[in-house]
There are 2 protein chains.
Amino acid sequence: MTEKISDRIPSGERREQILAAASLVFGERGYFGATTDQIAKAAGISQPYVVRMFGSKENLFVEVLARALDKLLVTFNATIDGWKADGSPADQIGRLLGTAYVNLIEDRGILLSLMQAFSMGHDPVIGAQARKGFIAIYTLLRDDAGFEPERVRTFLAEGMLLNTLLGLRLPEEYGLDEAATELLECTFQTKLQMVLDVVGEKSA
Amino acid sequence: MTEKISDRIPSGERREQILAAASLVFGERGYFGATTDQIAKAAGISQPYVVRMFGSKENLFVEVLARALDKLLVTFNATIDGWKADGSPADQIGRLLGTAYVNLIEDRGILLSLMQAFSMGHDPVIGAQARKGFIAIYTLLRDDAGFEPERVRTFLAEGMLLNTLLGLRLPEEYGLDEAATELLECTFQTKLQMVLDVVGEKSA
DNA sequence: GTCTATAGGCGGATAGAC
DNA sequence: GTCTATCCGCCTATAGAC
């Protein structure tokens with residue numbers, strides 16, 4: 001009777017906790033830089049249990065990536081559906097999707113994990129999955145949002161810049177460096193405060 | 001007399017060989033994913049010698065990153081100087097710099113190493129160096145090329161998309177996937193053949 | 001469902017010969 | 001200037017108790 005019943009929680013719930021922790025840690029350190037022990041500590045459980053639950057570190061990352069891609073696609077789909085439903089002007093969808101993307105950043109780890117995956121084209125398993133996801137996003141923007149290829153390219157480019165600035169932790173220079181401050185304000189505009197808040201959570 | 005004199009080469013030259021090999025391997029696998037042994041094999045020497053020459057793996061990466069940033073800044077500066085010298089029209093500098101950037105990709109490892117560094121904001125040493133480099137590029141585009149902040153942002157975004165597509169190894173899907181082919185043609189345009197050639201070198 | 005203990009392998013770094 | 005041998009720490013994964 002040294003342990004409380006409440007310490008034993010359903011495996012489905014544990015999975016979610018671990019996935020959430022993993023997406024944070026993978027987002028910070030990358031696939032190779034992150035250790036299963038760091039993930040375990042972030043989730044408040046033991047390292048072997050993390051491995052036990054997913055079979056391997058690679059499986060865990062694959063799952064994290066699949067969730068992130070899914071979340072992104074679902075969000076974009078919902079945004080497009082909403083736009084079509086209430087007959088907003090055609091030139092608004094770009095702005096709507098952009099806002100949806102920046103909002104997704106609140107789930108900080110998810111987006112950073114995505115970005116990590118996008119630099120792993122070399123890996124046979126993760127690289128293939130990442131390419132497939134990226135192409136799916138391209139297709140969705142072109143076919144469902146009705147973007148011209150050129151427009152899709154511009155939109156994706158903006159997204160990659162957002163990812164890069166976050167991966168660089170450039171918001172940490174906000175207010176300290178003149179050029180960095182200008183670039184951040186120009187890039188995030190009205191969403192800047194939110195981004196700075198998210199970065200500020202690091203001290204938690 | 002079991003070894004030839006020619007096997008012993010000046011340390012300055014060896015340094016360059018190792019740096020070249022390292023930038024390739026770091027570009028492929030990332031900082032944590034790459035091993036000093038892979039770098040040694042790529043350079044045709046022993047693993048301990050790599051470490052001996054640079055003191056540590058981290059020092060080596062810092063050096064690779066510094067070279068890559070320097071090469072980029074020097075190239076951009078030269079492009080801007082040339083543009084100013086022969087009085088080309090003001091609206092040409094964007095295209096000139098874009099072309100210069102794509103050309104830099106011939107030094108494949110360098111650019112991919114840059115990109116890897118841009119996702120390491122979390123690391124105290126490498127992250128700080130990467131932020132500094134990124135800000136230097138921003139400042140150069142704004143102050144020397146005379147771009148408006150908004151224009152700099154667009155330019156950087158395009159660059160980050162190029163980096164991402166290369167990191168993803170999307171060119172491997174060229175001709176195999178309809179959407180990927182379209183995106184690549186739209187992004188690289190006349191430079192596409194060059195990019196495909198560079199990727200093809202992998203089989204060497 | 002969760003832990004402790006630990007095996008097993010890998011990778012960075014050091015020692016020292018040539 | 002370069003190698004071989006090797007140490008040591010870290011990290012994933014397994015075994016097995018509770």
Side-chain angles (χ1 to χ4, degrees), chain A residues 1-22 24-26 28-65 116 120 122-126, chain B residues 1-22 24-26 28-65 116 120 122-126:
Chain A
M1 214 219 271
T2 62
E3 63 179 83
K4 297 163 293 182
I5 286 291
S6 57
D7 287 345
R8 298 167 55 89
I9 75 176
S11 76
E13 204 169 315
R14 263 302 184 223
R15 269 187 90 84
E16 298 307 319
Q17 287 179 355
I18 298 175
L19 284 166
L24 260 276
V25 179
F26 280 135
E28 286 293 322
R29 319 271 236 236
Y31 175 66
F32 293 108
T35 71
T36 53
D37 193 54
Q38 289 163 351
I39 293 167
K41 283 200 170 59
I45 59 176
S46 70
Q47 178 269 330
Y49 192 27
V50 170
V51 175
R52 162 81 50 116
M53 184 84 83
F54 290 88
S56 71
K57 179 183 178 180
E58 183 176 72
N59 288 157
L60 173 55
F61 187 82
V62 165
E63 185 80 26
V64 166
L65 175 54
Q116 293 290 345
M120 290 189 61
H122 169 269
D123 186 279
V125 175
I126 298 169
Chain B
M1 213 220 269
T2 60
E3 63 180 80
K4 296 163 294 181
I5 285 291
S6 57
D7 286 345
R8 297 167 55 88
I9 74 176
S11 77
E13 204 169 314
R14 265 299 186 227
R15 268 186 92 84
E16 298 307 318
Q17 287 178 354
I18 297 175
L19 284 166
L24 260 275
V25 178
F26 280 134
E28 287 291 321
R29 321 274 241 246
Y31 175 66
F32 293 108
T35 71
T36 53
D37 192 55
Q38 290 163 352
I39 293 167
K41 284 198 170 59
I45 57 176
S46 72
Q47 178 268 329
Y49 193 27
V50 171
V51 175
R52 161 82 49 118
M53 184 84 83
F54 291 88
S56 71
K57 179 184 177 179
E58 183 177 73
N59 288 159
L60 173 56
F61 187 82
V62 165
E63 184 80 28
V64 165
L65 175 54
Q116 293 290 344
M120 290 189 64
H122 169 268
D123 185 279
V125 175
I126 298 169

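The chains referred to below are lettered A, B, ... by the order of the sequence lines, with proteins before strands, and numbering in each begins at 1. Please read all numbers here as calculations on a predicted model, not as lab measurements.
- Residue contacts shown for A/S11 are limited to sugar-phosphate atoms, with no base heavy atom under 4.0 Å away.
- One interatomic measurement links the two molecules: CG of B/D37 to C1' of D/dA5, which rounds to 14 Å at whole-angstrom precision.
- At the phosphate of C/dG12, OP1 or OP2 sits under 4.0 Å from a side-chain N or O atom of B/T36.
- Of the side-chain N and O atoms in B/R14, none sit less than 4.0 angstrom from OP1 or OP2 of D/dG1.
- Closest heavy-atom contact between B/V50 and B/T36: CG2-O, 4.3 Å.
- With rounding to whole Å, A/K57 atom NZ is found 15 Å from D/dC10 atom P.
- B/D37 is linked by a salt bridge (Lys or Arg N to Asp or Glu O under 4.0 Å) to B/K41, counting only residues two or more places apart in sequence or in another chain.
- The list of side-chain hydrogen bond (donor to acceptor under 3.5 Å, both in side chains) pairs with a residue in residues 49-58 of chain A, not counting sequence neighbours, reads A/S56-A/N59.
- Nearest to the side chain of B/I45, among D/dC3, D/dT12, C/dC3, sits D/dC3.
- If you check every strand for non-hydrogen atoms under 4.0 Å, A/A34 touches sugar and phosphate atoms only.
- In this structure, the nucleotide among C/dA13, C/dC3, D/dA13 sitting nearest to the side chain of A/Y49 is C/dC3.
- Nucleic acid contact class of A/R52 (heavy atoms, under 4.0 Å, all strands): base.
- B/T35 comes within 4.0 angstrom of the backbone, heavy atoms only, and of no base.
- With hydrogens and angles ignored, the 3.5 Å screen pairs no side-chain donor or acceptor of B/E16 with any backbone N or O of B/E13.
- For C/dG11, the base has no donor-acceptor partner in the side chain of B/R29 [N/O atoms by modelled type, under 3.5 angstrom].
- In this structure, B/V51 and B/L60 have side chains that are not in contact, with every pair of non-hydrogen atoms separated by 4.5 Å or more.
- In this structure, CG of A/N59 is placed 16 Å from C1' of D/dT14, rounded to the nearest angstrom.
- Among the nucleotides C/dA13, C/dT4, D/dT2, the one closest to any side-chain atom of B/S56 is C/dA13.
- In this structure, CZ of A/F61 is placed 14 Å from P of D/dT12, rounded to the nearest angstrom.
- Rounding to whole angstrom units, CD of residue B/Q47 and C1' of D/dA5 are separated by 12 Å.
- Closest-nucleotide positions on DNA chain C for A/P48 and A/M53 were compared, and the one nearer the 5' end corresponds to A/M53.
- Distance B/Q38 CD to C/dC10 C1': 11 Å, rounded to the nearest Å.
- Atom pair B/E13:CD and D/dT2:P shows a separation of 9 Å (rounding to whole Å applied).
- Following rounding to the nearest Å, A/E58 (CD) and D/dC11 (C1') show an atom-to-atom distance of 16 Å.
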